[in-house]
Protein chains: 2
Amino acid sequence: MVICIHRKFRNPPLPNPLTYDAVMPPTETRLPLNRERIIDAAVTYADDNGVEELSMRKLGAELGVEAMSLYNHVKNKDDIFDGMIDRVFASVPLPAIDAEWTTAIRETVLKAMDQFTAHPWMVNLLMQRGNYGNSSLLFMDRALGLLRNAGFSDEDTHHAWQMLASHTMGYAFQMVSGGPKDKDWEGIEGQLADLAEDYPNVARLAPYLGDCEFAGEFAFGLEIIIDGLNARLH
Amino acid sequence: MVICIHRKFRNPPLPNPLTYDAVMPPTETRLPLNRERIIDAAVTYADDNGVEELSMRKLGAELGVEAMSLYNHVKNKDDIFDGMIDRVFASVPLPAIDAEWTTAIRETVLKAMDQFTAHPWMVNLLMQRGNYGNSSLLFMDRALGLLRNAGFSDEDTHHAWQMLASHTMGYAFQMVSGGPKDKDWEGIEGQLADLAEDYPNVARLAPYLGDCEFAGEFAFGLEIIIDGLNARLH
DNA sequence: ACCTGAACACCGTTCAAGT
DNA sequence: ACCTGAACACCGTTCAAGT
């Protein structure tokens, strides 16, 4: 959760005013608003409540400020979204550019997926905003360099990266789009049982679709892709 | 574009009232509103203007009706979204369940991709709504049956399908998320030239990233995946 | 049965006004 | 320089009222 000192001055005093005054004297605890704090709060809020719940007014409240104040530090809501995307990309460790490519790319892709699952709104934002921030460019540059150094041609480097990115985004997508939103899974499963004669294969594979132990699935496909690319390299 | 007869009665008369009266006598041309017509209009509107532009009020206007009338035939906006998704899935030809699996699955996946590119909003909606409508279930059931009949175990069938679906959604995703939205491509390319020393690999591969002849890319990866899956089958 | 206007509780964003 | 209140032009959705 975002720690919001500012806000406390607008609310009733804390249970123990002595500790309160001692720990945070009003004048210096009022840390100034800035872009970084806004992005931080937005990421946290989206993690906790979903991006679709994020609004300028709520974000302002979270920071103890009116919505309109945000516009002094941020261009608009899309700018905040771009900042959130960049923040996530910045948290993915960059691949060593001259390592053995199969293990290095596997590691990198798995780390990226970790971040995408940790921030389920990421894939959504990426789709509507694109990914041309500094962090994403740097990340991409390193990955391309790794593939190039491994011996892929320019064209095949692009092919390989596109394929790895698609696999990653595709799985992240499936994870996020997950289940039906409004209807409960109970209803769906009951429906599946009822309609087993209409969709026999879906019904039989429902257990796999349901629990969907995700990491294993993703790694399975990743190996096939890496193997295929490696075969084409030699 | 949606043909909207109803609306004409709220607007100034057509240039030639004689033809007008002859062709469409007011009483019977007023085709009643229903779910299907609403979904139709929504698909067309989203194709033309993007989903983010679609609102109940605009959709109503498109149909010559107030926004509130829509609620007589549709639960809410999400219900419309679900209808749109189902409509697209219904337009993908189902795979023959007992054909040779590699050619059949390739054909099916490519046809699905055709629809995803024809309706760029599809991937977006799918992500926020899930895909458990009748058409998508039927489509999925056939695909799973095809893989099962080819000899895959239940578990491998699920793996294979998940992988193919991820590849498809991932590429569709990349296509949709395409370029940066606000900033113009000019600016980005100029920036890339300026920052060639920061992102040398991105800069060198920019031509591939830019034009991105999409279908070839997608097919390239699809072959690798099909080959890999086939190897694991035998 | 179907459509409507008015209303409610929200949005993102602008702008003049405050300190 | 930073924050604010009021306002604007939009949302999705409900509901009582019309036919």
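Proteins come first, then strands; the chains are lettered A, B, ... in the order of their sequence lines, and each starts at number 1.
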To the nearest angstrom, the CD-C1' distance between A:E66 and C:dT14 comes to 16 Å
Indicate the atoms forming the closest heavy-atom contact of B:P93 with B:F139, along with that distance. O-CE1, 4.3 Å
Base, sugar-phosphate, or nothing: which does B:L70 touch, judged by heavy atoms less than 4.0 Å apart? nothing
To the nearest Å, give me how far apart NZ (B:K77) and P (C:dC10) are. 18 Å
Got a donor-acceptor contact below 3.5 angstrom from the B:S166 side chain to the B:Q162 backbone? yes
As an exercise, state the distance from OG of A:S136 to CZ of A:F89, rounded to the nearest 0.5 Å. 5.0 Å
Starting at CG of A:N72 and ending at P of C:dT14, how long is that distance when rounded to a whole Å? 12 Å
Whole angstrom value for the distance that separates C1' of C:dT13 from CD1 of A:I80: 12 Å
Need to verify one output field. Residue with the more 5' nearest nucleotide on DNA chain D, B:K58 or A:A67? A:A67
Is the phosphate of C:dT4 approached by B:S69 (side-chain N or O, under 4.0 Å from OP1 or OP2)? yes
What integer distance in Å separates A:L63:CG from D:dC2:C1'? 15 Å
With a 4.0 Å cut-off on heavy atoms, is A:S55 in touch with a base, just the backbone sugar-phosphate, or nothing at all? sugar-phosphate
Rounding to a whole Å, what distance do you find between A:M68:CE and C:dT13:P? 12 Å
Between P on D:dC10 and CG on B:L59, what's the gap in Å once rounded to a whole number? 17 Å
Reading DNA chain D 5' to 3', what string of ( ), [ ], | and . shows its pairs, if Watson-Crick and G-U wobble pairs count only when both distances fall under 3.5 Å? ||.|||||...|||||.||
Looking at B:E53, I want to see if its CD is surrounded by more than 12 non-hydrogen atoms of other residues, nucleotides or ligands under 6.0 Å. yes
Rounded at 0.5 Å granularity, tell me how far CG in B:L222 sits from CD in B:E217. 13.0 Å
Taking CG from A:N76 and P from C:dG12, how many angstroms apart are they, rounded to a whole number? 11 Å
In terms of side-chain heavy atoms, does B:E36 have a donor or acceptor partner in B:H73 at a distance below 3.5 Å? no
Looking at A:K111, I'd like to know if its NZ atom is crowded, meaning that more than 12 non-hydrogen atoms belonging to other residues, nucleotides or ligands lie closer than 6.0 Å. no
A:R57 or B:H73: which one's nearest nucleotide on DNA chain C is closer to the 5' end? B:H73
